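Whatever order the structure lists them in is the order used to number ligands and atoms, beginning at 1. Being a predicted model, the structure only gives us computed values, none of them experimental.
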Amino acid sequence: MAQEKFYITTPIYYVNDSPHIGHAYTTLACDVIARFMRLSGIKVKFLTGTDEHGQKVEKSAATAGKSPQAFTDEVSQRFRDLCKAMNFSNDDFIRTTELRHKKSAQALWKKLEENGHIYLDKYSGWYSVRDEAFYQEAELVNGKAPTGADVEWVEEESYFFDLSKWQEKLLQYYEKNPDFIAPESRRNEVISFVKGGLKDLSISRTTFKWGIPVPGNEKHIMYVWFDALVNYLSADGFPDSTSFWPADLHVVGKDILRFHAVYWPAFLMAANLPLPKRIFANGWWTVEGEKMSKSSGNVVAPTDLINEFGLDQTRYYLLREFPFGQDGNFSHERMIAVVNSELANNVGNLVQRTLSMIQKNCNGAVPTYEGVGRDVDKKLKELVQVTKKETPELVRKKYSDCKFQEIILEIIEMSSALNAYIDSEAPWVQKKSNPQLMEAILYYLAEGIRCIAIMLQPFMPDSAEKILDLLATPQDQRTFEHLKPAYALKPGTKLPEPKAIFPRYIEKK
Ligand code: ME8
């Protein structure tokens with residue numbers, strides 16, 4: 001049965017810093033899936049937001065000489081601005097300092113308490129503020145967290161969640177639901193972590209104040225990860241009424257998979273709530289071969305890329321460069337090469353050549369394919385059919401599996417094939433000798449472009465829209481359903497003056 005609802009989420013980002021391409025990347029992936037689902041007629045909730053409590057944010061506010069609230073207001077706005085700059089289509093933006101979230105986090109806490117899964121004790125152990133995570137002695141490497149972050153010794157009264165009781169249930173769940181954690185290699189890491197044994201989890205702190213008070217004992221504030229994970233429920237109206245939960249997909253970076261694939265499902269099981277259907281972990285961007293960090297001064301801001309290369313070029317490059325789930329590297333030189341060879345010289349050139357030939361030779365209207373003396377269009381028809389040989393189910397599966405690079409490269413391959421077809425058929429040669437044949441060639445090229453533009457919409461919404469406008473495709477005929485031949489271009493439709501879509505990038509000296 002076709003699914004008619006889809007709930008997709010990004011991590012909520014810490015407001016200790018300005019957004020960079022790593023943050024934009026995870027949200028972009030969600031945006032592309034959300035757009036694809038909407039174009040497939042599915043009702044979507046796409047959520048992103050900011051994680052504003054905890055010691056790390058409190059410290060950053062102090063360093064900036066601001067109150068935590070003023071500081072979080074300011075930095076959270078930068079993430080909101082990023083959504084606009086990147087053309088993200090999120091339906092909601094949650095901040096953990098909002099009342100709706102506090103209510104929700106306290107309700108989940110109470111539920112776990114009622115169900116007997118929370119108890120008061122003392123915590124003593126290592127804590128890393130940068131990671132906002134507890135570490136066991138055995139996990140430390142040369143006195144630091146395995147991530148390289150500094151740790152400090154913490155001893156305080158704390159509430160605990162009985163995580164150790166959920167080890168077997170979690171393992172059974174992973175076993176029964178092989179798609180729950182992706183990619184496969186990450187799934188295996190989670191399984192071996194859980195098999196290694198789970199300790200009860202400290203879920204409250206008393207040594208600072210910037211957090212959500214524990215219901216019934218305000219001396220304690222909730223551990224920031226307990227607070228943060230609940231955002232996926234609070235944005236859907238929990239505990240009053242939820243309309244989208246369970247989430248279909250949580251996309252997160254590989255650094256925070258453990259929180260989502262171990263702690264979160266355990267909390268949900270303990271509260272008798274349904275589990276998200278899938279958690280997909282994306283890999284890590286380095287920049288010119290180096291880890292991206294403020295101290296190395298190599299942080300790439302998405303807005304800088306947008307200003308230099310264009311918005312859709314940036315969206316395209318980030319998802320095209322390497323398979324989602326793997327690690328990859330940002331290189332300025334590679335970005336120029338990709339933008340020029342695949343967007344300017346390939347798709348852009350195809351659109352430009354075809355539409356200007358139509359404008360010049362077919363009275364600026366969609367040409368006709370009727371009455372051609374030979375079967376010229378067979379090959380092209382097949383090319384256009386490339387889009388249709390894949391069933392909607394298969395395409396949907398590719399999106400759900402986050403195979404962005406594969407999807408993009410298939411579209412580019414189709415564009416290359418159409419360009420090669422122009423060269424081999426040379427419609428301008430047919431102009432005098434066989435104008436009908438020329439028209440047929442141009443018709444199928446234009447129809448191929450229509451399909452390409454429809455398919456590019458999730459990745460490059462503005463540019464795809466411009467191409468569809470140039471083809472005078474009706475606004476209500478631009479979904480994946482409209483790839484079907486029944487909605488093919490109608491000969492005789494007047495077309496506007498062609499415009500360049502993807503300019504060539506010329507490096508400024
Ligand atoms: O962890 N490459 O927030 P955060 C790829 N608040 N992705 C990257 C990246 C990089 N170099 N750097 C960051 C938190 N990311 C918590 C989450 S969720 C309930 C709470 C992305 O601001 C990636 O998705 O540290 C990573 O998981 C996320 O940003 C971490 O953002």
Please produce the table of protein N or O atoms sitting under 3.5 Å from N or O atoms belonging to ligand 1, one pair a line, distance to 0.1 Å.
from     : atom 1 : to     : atom 2 : distance (Å)
ligand 1 : 2 (N)  : Trp285 : N      : 2.9
ligand 1 : 6 (N)  : Ile12  : O      : 2.8
ligand 1 : 6 (N)  : Asp51  : OD2    : 2.7
ligand 1 : 7 (N)  : Gly22  : O      : 3.4
ligand 1 : 11 (N) : Trp285 : O      : 3.3
ligand 1 : 22 (O) : Tyr14  : N      : 2.9
ligand 1 : 24 (O) : Thr26  : OG1    : 2.7
ligand 1 : 24 (O) : Gly253 : N      : 3.1
ligand 1 : 27 (O) : Gly253 : N      : 2.9
ligand 1 : 27 (O) : Asp255 : OD1    : 2.8

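When ring centroids are compared, Phe309 and His332 come within the 6.0 Å threshold.
A perpendicular orientation is assigned to the rings of Trp245 and Tyr7, their planes being inclined by more than 60° (bins at 30° and 60°).
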Below 3.5 Å, can you tabulate the donor-acceptor pairs from side chains in residues 102-109 to any protein atom, sequence neighbours excluded?
from   : atom 1 : to     : atom 2 : distance (Å)
Ser104 : OG     : Phe238 : O      : 2.9
Gln106 : NE2    : Pro213 : O      : 2.9

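A cation-pi geometry, defined here as NZ or CZ lying under 6.0 Å from the six-membered ring centre and within 45° of its normal, holds between Lys5 and Phe244.
More than 12 heavy atoms of other shown residues, nucleotides or ligands fall within 6.0 angstrom of atom CD in Glu152.
Ion pairing of Arg95 with Glu52 is present here, as a side-chain N (NZ or NE/NH1/NH2) and a carboxylate O approach within less than 4.0 Å.
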